[in-house]
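Okay, so here's the structure we're looking at.
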Amino acid sequence: MHRRIFAPGALAAASLLLAIPASAASSAPGAPGIGDPYYPYYGNGGYDVSHYDLRLTYRPATDELAGTATVEARTTQDLSSFDLDFLLDVSEVRVNGSKSAFTTSGQHELVITPKSPLAKGTPITVVVRYSGVPSAKSAYGFSTWHRTPDGAVAADEPEAAWWWFPSNDHPLDKATYDVSVAVPDGTQALSNGTLQSSTSKLGWTRYNWRENKPQATYLATLAIGKFDITTGTSEGGVPVINAYSKDLGDNDGAARASVERTGELVDWLSGYFGPYPFGSAGGYVPNTTTGYALETQTRVYYSPKQFANGSNTSVVVHELAHQWYGDDVSLKGWKDIWINEGFARYAQWLWSEHEGEGTTQELAGYVYDSHPADDTFWTVRPGDPGPDDQFDAAVYDRGALAVQALRNEVGDDAFFAILKGWPQEHAYGNASVADFQKYAEQVSGKPLSALFDTWLFQPSKPAVSAARATSPARAAKAAVRPKSWTKIEATNDVHGG
């Protein structure tokens with residue numbers, strides 16, 4: 001038993017403490033990172049976003065962007081302050097209607113201190129007014145804002161949002177989006193989802209886009225320029241919106257011959273992965289100098305260079321496969337990148353087989369034989385490659401080998417049940433490699449830890465017998481390159497410069 005001793009003034013002090021909300025006494029700043037070891041300062045702690053409402057105005061001639069972002073969220077701890085990831089110049093911040101103090105920190109942190117501490121579980125509306133020239137901003141020595149002759153594009157991985165809207169920039173915090181963009185008449189603005197409306201007034205046209213399914217921040221895209229836009233509906237009923245810069249030159253025909261097959265390929269992929277998870281599909285090809293494509297949700301970004309050697313439906317298959325593997329089911333941490341890239345690459349192998357240009361087994365054998373045991377290819381571990389090798393070719397190719405090894409181990413019936421069931425098991429959420437292994441074991445009824453360890457985590461070439469990746473009859477022969485390989489290999493650079 002403890003004696004209660006009141007010193008002079010202690011009672012008054014106790015009364016004062018009672019007057020302070022418990023949340024204020026226990027509140028602390030939200031972490032400047034969400035906790036991903038690959039990117040310690042990406043994302044933020046202390047809150048969870050449910051919706052972004054972005055109202056923007058853009059001037060293509062000067063690359064000036066002005067906007068108001070309204071972020072709907074809920075606190076996950078008692079907060080004295082919190083961060084958003086952002087680079088442009090902020091003029092005002094309000095939290096639940098009250099003006100709030102703000103400053104910047106580190107390479108890309110906007111630090112907001114609300115008028116009063118926020119208790120855990122509090123719904124918050126954060127309004128950020130901002131402006132700037134995105135192409136003039138950089139962080140960590142790079143920019144993901146790409147200028148074009150008639151506008152600009154925001155599309156990159158693992159980050160792209162900082163240059164055009166404040167966010168909790170990590171796939172763990174997915175949200176829905178309304179993106180409204182005003183541009184000079186004659187210029188178009190594209191984003192994710194469906195076009196709700198467009199209106200013209202006093203020389204400006206405002207486009208209102210909506211993505212009503214949860215979306216990771218790096219999958220949000222903005223494209224401004226002069227486009228030829230095509231619309232249609234796939235046989236399966238999916239609305240398709242594609243767009244092509246009007247100055248693609250010699251690459252225009254091949255780009256259209258590839259991207260205009262989006263509806264057909266969405267329906268074909270649905271046969272393997274289940275119903276298409278979003279309200280629209282499509283892609284756009286702006287006149288950029290980049291060399292990669294990106295699975296921006298519902299509206300895939302393609303570089304013109306993807307079509308410099310003619311049409312390439314294989315890259316379209318790759319990016320559309322991501323709509324299930326990467327967009328619908330997003331990774332928990334960037335170390336889980338194999339779930340995105342291994343399966344998108346395997347979709348290309350399935351397409352190769354469909355086109356009669358090499359079976360999945362032939363492609364697996366070719367990849368396996370093409371890399372001797374001392375090749376650094378085998379030192380990359382697709383199940384946790386590290387930030388420097390996150391988009392290494394081995395994540396794609398050895399990643400697809402792992403998928404084929406799984407198929408050989410569990411048999412086609414269980415394999416295709418896994419392939420189709422996984423996007424439904426974690427629809428619109430996040431999952432890890434460990435989650436996938438557990439699911440595959442549940443569906444197949446087989447222990448798979450040794451197989452996953454061999455193909456995803458060991459920094460060495462697996463033995464041929466590990467999963468029958470190549471047939472004994474041809475193990476000693478020179479590798480035969482499948483007809484589809486050139487176009488598949490081109491996709492190795494989809495995230496390169």
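Any value given below was found using the heavy atoms of this structure, including those in side chains, with hydrogens, waters and symmetry copies removed. For reference, positions follow the sequence shown, starting with 1.
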Under 4.0 Å between a side-chain nitrogen and a carboxylate oxygen: does that hold for D36 and K335? no

Close side-chain approach of W422 and Y439, heavy atoms under 4.5 Å: yes

Rounded to the nearest 0.5 Å, the OG atom of S167 sits from the CG atom of L54 at a distance of 9.5 Å

Item to complete: Please determine, by modelled atom types, if S460 and Q458 share a side-chain donor-acceptor pair under 3.5 angstrom.
Response: no

Heavy atoms of D178 and R210 approach each other most closely as OD1-NE, 2.7 Å

Using the rule given for side-chain contact (heavy atoms from CB on, under 4.5 Å), can you reason through V433 versus I339, listing the C-alpha separation, both sets of side-chain angles and the distance that settles it, and then say yes or no? CA-CA 7 Å; V433 173; I339 296 179; 4.2 Å; yes

Tested for side-chain hydrogen bond (donor to acceptor under 3.5 Å, both in side chains) against N208, the lone hit among S191, S180, S198 is S180

Here the gap from N309 atom CG to K487 atom NZ, rounded to the nearest 0.5 Å, amounts to 9.5 Å

Subject >> ring-ring contact (aromatic ring centres under 6.0 Å, His included) evaluation trace for F86 with W163 >> reply: CA-CA 7 Å; F86 196 46; W163 283 262; 9.9 Å; no

- prompt: In terms of heavy-atom contacts, does CZ of R129 have more than 12 from other residues, nucleotides or ligands at under 6.0 Å?
  reply: no

Q. Is a side-chain donor-acceptor pair under 3.5 Å present for T125 with E72?
A. yes

The side chain to side chain contact (heavy atoms under 4.5 Å, CB included) partner of F82 among L110, V95, T75 is V95

Side chains of Y346 and Q404: any donor to acceptor distance under 3.5 Å?
yes

H371 and K461 have their tightest heavy-atom pair at O-NZ, 2.9 Å

Looking only at heavy atoms, the pair that brings T313 and L265 closest together is O-CD1, 4.1 Å

Report task. Might you work through the salt bridge (charged side-chain N to carboxylate O under 4.0 Å, His left out) test for K246 and D252, ending with a clear yes or no? Result -> CA-CA 8 Å; K246 294 184 177 180; D252 182 80; over 6 Å; no

query: Under 4.5 Å between any side-chain heavy atoms of S27 and L79, yes or no?
result: no

Between the CH2 atom in W455 and the CG atom in L448, the distance rounded to the nearest 0.5 Å is 14.0 Å

**Message:** Whether R256 engages the ring of Y244 as a cation-pi pair (distance to the six-membered ring centre under 6.0 angstrom, angle to the ring normal within 45°) should be assessed.
**Reply:** yes

>> Can you confirm whether or not the ring centre of Y284 sits under 6.0 Å from the ring centre of Y301?
In response: yes

ask   = Would you call K137 and D89 a salt bridge, using N to O less than 4.0 angstrom?
value = yes

Side-chain donor-acceptor contact under 3.5 Å, H322 with N340 | no

Practice task
Report yes or no: do Q390 and Y39 form a side-chain donor-acceptor pair below 3.5 Å?
Solution key: yes

Inset, instruction - Could you check H318 against E295 for side-chain hydrogen bond (donor to acceptor under 3.5 Å, both in side chains), going step by step and ending with a plain yes or no? - result: CA-CA 8 Å; H318 181 101; E295 63 270 19; 5.8 Å; no

Item to check | Short side-chain donor-acceptor distance under 3.5 Å, E260 and T230 | outcome: yes

Tested for side chain to side chain contact (heavy atoms under 4.5 Å, CB included) against Y207, the lone hit among I224, L195, T199 is L195

Between the OG atom in S245 and the CG atom in D228, the distance rounded to the nearest 0.5 Å is 10.0 Å

Margin query: Is it the case that atom CG in D185 sees more than 12 heavy atoms from other parts of the structure closer than 6.0 Å?
Written below: yes

Q196 side chain to T194 side chain, donor-acceptor N/O pair below 3.5 angstrom
yes

Heavy-atom closest pair (F307 atom, A254 atom, distance to 0.1 Å) is O-CB, 3.6 Å

### Message
Within the 3.5 Å criterion, strictly below it, is a donor on S100 or K115 matched to an acceptor on the partner's side chain?
### Response
no

- Query: Do the side-chain N and O atoms of S200 and T205 include a donor-acceptor pair separated by under 3.5 angstrom?
  - Reply: yes

request  = Could you walk me through whether S449 and Q437 pass side-chain hydrogen bond (donor to acceptor under 3.5 Å, both in side chains), step by step?
outcome  = CA-CA 7 Å; S449 58; Q437 179 185 322; 4.7 Å; no

(request) Classify the side-chain pair T176/Q215 by whether it contains a donor and acceptor separated by less than 3.5 Å. (result) no

- Task: Return yes if a side-chain donor-acceptor contact under 3.5 Å exists between D169 and T217, otherwise no.
- Result: yes

The reported gap from CD in E211 to OG1 in T221 (rounded to nearest 0.5 angstrom) is 12.5 Å

Margin query: If you define the side chain from C-beta out and look only at heavy atoms, does anything of T148 sit under 4.5 Å from V153?
Written below: yes

When every non-hydrogen atom of P423 is compared with those of L419, the smallest separation belongs to CD-O, 3.3 Å

Heavy atoms, side chains only, cut-off 4.5 Å: are Y396 and I337 in contact?
no

Separation between NE2 (H426) and OH (Y325), nearest 0.5 Å, reads 10.0 Å

| message | Under a 3.5 Å cutoff, is there a donor and acceptor pairing between the side chains of E159 and Y42? | response | yes

### Message
With side-chain hydrogen bond (donor to acceptor under 3.5 Å, both in side chains) as the criterion, how do Y302 and N312 come out once you've worked through the C-alpha distance, each side chain's angles and the decisive distance to 0.1 Å?
### Response
CA-CA 11 Å; Y302 299 99; N312 189 347; over 6 Å; no

* Do K226 and T187 pass the side-chain contact (heavy atoms from CB on, under 4.5 Å) test, and can you show the C-alpha distance, the side-chain angles, and the key distance before you say yes or no? -> CA-CA 5 Å; K226 298 179 187 296; T187 298; 3.9 Å; yes

*asked:* Assess, by modelled atom type and distance only, whether the side chains of D336 and S432 contain a donor and an acceptor separated by less than 3.5 Å.
replied: no

Closest non-hydrogen atoms of V285 and F227, given as atom of the first, atom of the second and distance, are O-CE2, 4.5 Å

Side chains of N168 and Y52: closer than 4.5 Å at any heavy-atom pair?
-> yes

> How about W338 and F436: are their ring centres within less than 6.0 Å of each other?
Replying inline: yes

Side-chain (T76) to main-chain (G46) donor-acceptor, under 3.5 angstrom: yes

Handout entry: Cationic tip of K213 above Y428 ring, under 6.0 Å, 45° of axis
Key = yes

Q. Is any side-chain heavy atom of N430 closer than 4.5 Å to a side-chain heavy atom of K174?
A. yes

Exercise. Dump the intermediate steps for ring-ring contact (aromatic ring centres under 6.0 Å, His included) on W324 and Y276, then the final yes or no.
Key: CA-CA 7 Å; W324 287 266; Y276 182 71; 5.5 Å; yes

Q) Quick one: do the S135 and D63 side chains pair a donor with an acceptor below 3.5 Å? A) yes

Taking L248's backbone N and O only, do any of them form a donor-acceptor pair with N287's side chain (distance below 3.5 Å, no angle check)?
no

Any heavy-atom pair between the side chains of V133 and T62 that's under 4.5 Å? no

Minimum side-chain heavy-atom gap W209-L222 below 4.5 Å:
no

